[in-house]
Amino acid sequence: MIDLRAARADPEGFRVAVERKGGGEPFDRLMAVDAHWRELIPQVDELRGRQKLKGKPTPEQVEELKQVKADLQRLEAELAEAESEREELLRLVPNPPHESVPDEATGDAEGDVVREVGERPQLADPKEHLELGRYEMERGARLSGSRFGYIVGDAARLSLALYFWALDRVSAQGFEPVIPPVLVREEAMYGTGFFPAERFEIYEIADEGLYLTGTSEVALAGLHMSEILDADELPLRYTAFSTNFRREAGAAGRDTRGMFRVHQFNKVEMFAYVLPEESWDEHERLLEIEESLARELGLPYRVVNIEARELSAAAAKRYDIEAWFPSQERYREITSASNTTDYQARRLGIRYRGDGGTEYIHTLNGTAVTDRWALAILENFQGEVPEVLREFGAPERVRA
RNA sequence: GGAGGGGUGGCAGAGCGGUCGAAUGCGGCGGUCUCGAAAACCGUUUCGGGCCUCUGGGUCCGACGAGGGUUCAAAUCCCUCCCCCUCCGCCA
């Protein structure tokens, strides 16, 4: 959530920033409700003060106190309503985007193309991943429905090698490996900003009140929820392997072939808790790690600075890496690195104790690898596997 | 899944419905002592919000797992939920 005090101090500035992500309307309502709340709170505080006694009241005092109680009940009800309205609106207002985030895309990308790296392979008739590896889509659909598949044989070995390779490289950069829960409570979903904005994307276990995470970002952000960390133990960096579940409800008809967009996939994710003044450096650092992974495999890619309206509620800025997919003749997203600044930390109550008292930390997340990387490897190298993955169990060549 | 017990400050652990934001111990911080340190002694030590402010702070309100309720008044009584522990059952 946003910093209410900062918003009060500069409502016009906030309004402009938040409107870039389409959050102007809830922001206006938030400011109105907050003003009402601030009118009520001193009145309620005053009455509560009168209600406090040192010892047993005389009968006359009890009569007086009953009147105080009546007034208080009325005002407190009004206050409670203002508070719950404010809560609700606070959940709706997105994190303002950073100044460096563009408003308009330059070309075919969902933002500004920062750079293109590597050479696209010259392939006369590129095969797609379904021809190159054994991905059992029809059997997957028979078992679980559309957008489910089995990854079998060499393709499975390739994916497993990718996870281990990525964990190796990322943990060498100081990220602690984690295997997190993938079922979480509603509060973790709200805390990370996936609720209410992206509720439609999330699978729910209604009986238990639990939700399947679409990314281990949720569990990694939740790892320290409602904690006060020591400034000198920051930054905290984690990397998690997990299976991710997404309903892909907004993607009807898109990417329906093969394993490209499925309801269940595996991912190695990076997550960092940092001091506020360090988060923009950390964001660049996450991007650099992601790029180093793509470069080490020799994947042709480009980096995109995502435009404001495409950012999630939580993200103040986001870089995607898009790999070239020869069969589609275009770049497609394979990673995403976001600086959520203090937005998740506020919602989850994650602070640190420094010299100037307690303050909210900043959180960031970024993809290391996903199953989609295996598809990019297959398509760009037409079945050949980069040498570096062999020692992690990948086959020399993937056969369907 | 069944049966019990319990959730209080960084930790441990008290707390007749009012004078309790909360005893005490440990830890932390500052000081005295010391060449220095330890010990001892003295002091200090939660978080959030509103308003004021000479930006040091002041003041009032809220918070004893969470949310409701009873009461003039709740850490203390009642209800719901969450979490932890013990025993039994089940299980990779």
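Numbered from 1 within each chain, the chains take letters A, B, ... in sequence-line order. Computed from a predicted structure; not experimentally measured.
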Testing rC61(B), rC83(B), rA73(B) for proximity to the side chain of R185(A), the answer is rC83(B)
Rounded to whole Å, the NZ-P distance (K66(A) to rU70(B)) equals 14 Å
Atom CD of Q73(A) and atom P of rU70(B) are separated, to the nearest Å, by 7 Å
_Tell me whether E19(A) is salt-bridged to R15(A), with the criterion being a basic N under 4.0 Å from an acidic carboxylate O._
yes
Whichever of R48(A) and L65(A) has the more 5' nearest nucleotide on RNA chain B, that residue is R48(A)
Tell me if the CD atom of E88(A) is crowded by more than 12 foreign heavy atoms within 6.0 Å. no
request  = Would you mind checking if R142(A) and E138(A) are paired as a salt bridge, meaning a charged N to carboxylate O distance below 4.0 Å?
outcome  = no
May I ask you to verify if any side-chain N or O of Q51(A) is less than 4.0 angstrom from the OP1 or OP2 atom of rC72(B)? no
Re rC20(B): Watson-Crick or G-U wobble partner, both distances kept under 3.5 Å, found to be none
Taking OP1 and OP2 of rG62(B), is either one under 4.0 Å from a side-chain nitrogen or oxygen of K52(A)?
yes
**Item:** Distance, C1' atom - from rU53(B) to rG62(B), rounded to whole angstrom
**Value:** 22 Å
- Is any side-chain N of the basic residue among R295(A) and E288(A) closer than 4.0 Å to the acidic one's carboxylate O? yes
When the P atoms of rU32(B) and rG67(B) are compared, how many Å lie between them, rounded to an integer? 45 Å
*For atom C1', what is the distance between rC41(B) and rC84(B), given to the nearest Å?*
40 Å
To the nearest angstrom, the CD-P distance between Q67(A) and rA73(B) comes to 13 Å
- Message: Could you tell me how far rC83(B) sits from rA66(B) if I compare only their C1' atoms? Round to whole Å.
- Response: 10 Å
Q) rG28(B) and rC54(B): how far apart are their P atoms, nearest whole angstrom? A) 38 Å
E63(A) CD to rC72(B) C1', in whole Å, measures 9 Å
Pairing partner of rU76(B), by Watson-Crick or G-U wobble and under 3.5 Å for both distances, is none
The Watson-Crick or G-U wobble partner of rU86(B), with both key distances under 3.5 Å, is rA3(B)
Quiz item: Does the ring centre of Y211(A) sit less than 6.0 Å away from the ring centre of F194(A)?
Solution: no
Check your understanding: When rounded to the nearest Å, what value does the distance between C1' atoms of rC82(B) and rA73(B) take?
Key -> 28 Å
Mate of rC33(B) across any strand shown (Watson-Crick or G-U wobble, both atom pairs under 3.5 Å) is none
Going 5' to 3' through nucleotides 47-56 of chain B and flagging B where a protein heavy-atom sits under 4.0 Å of the base, S where only the sugar-phosphate is that close, and - otherwise, we get SSBSS-----
Q. When you check the side-chain N and O atoms of E284(A) and Y319(A), is any donor under 3.5 Å from an acceptor?
A. yes
Has R372(A) got its NZ or CZ under 6.0 Å from the middle of the six-membered ring of F260(A), at an angle within 45 degrees of the ring axis? yes
Base orientation of rG56(B), chi within 90° of 0 counted as syn, else anti, reads syn
Look at atom CD of Q122(A) and say whether more than 12 heavy atoms of other residues, nucleotides or ligands are closer to it than 6.0 Å.
no
pair_partner(rC47(B)), Watson-Crick or wobble, both distances < 3.5 Å, evaluates to rG62(B)
In whole angstroms, the gap separating P of rG65(B) from CD of E187(A) amounts to 17 Å
For nucleotides rU45(B) and rU24(B), find the distance between their P atoms and express it as a whole number of Å.
13 Å
To the nearest angstrom, the CG-C1' distance between L40(A) and rC60(B) comes to 17 Å
The salt bridge (charged side-chain N to carboxylate O under 4.0 Å, His left out) partner of R302(A) among E333(A), E116(A), E110(A), E322(A) is E322(A)
Discussion item. Please report the distance separating the C1' of rG9(B) from the corresponding atom of rG21(B), rounded so that it comes out in whole Å.
Written reply: 9 Å
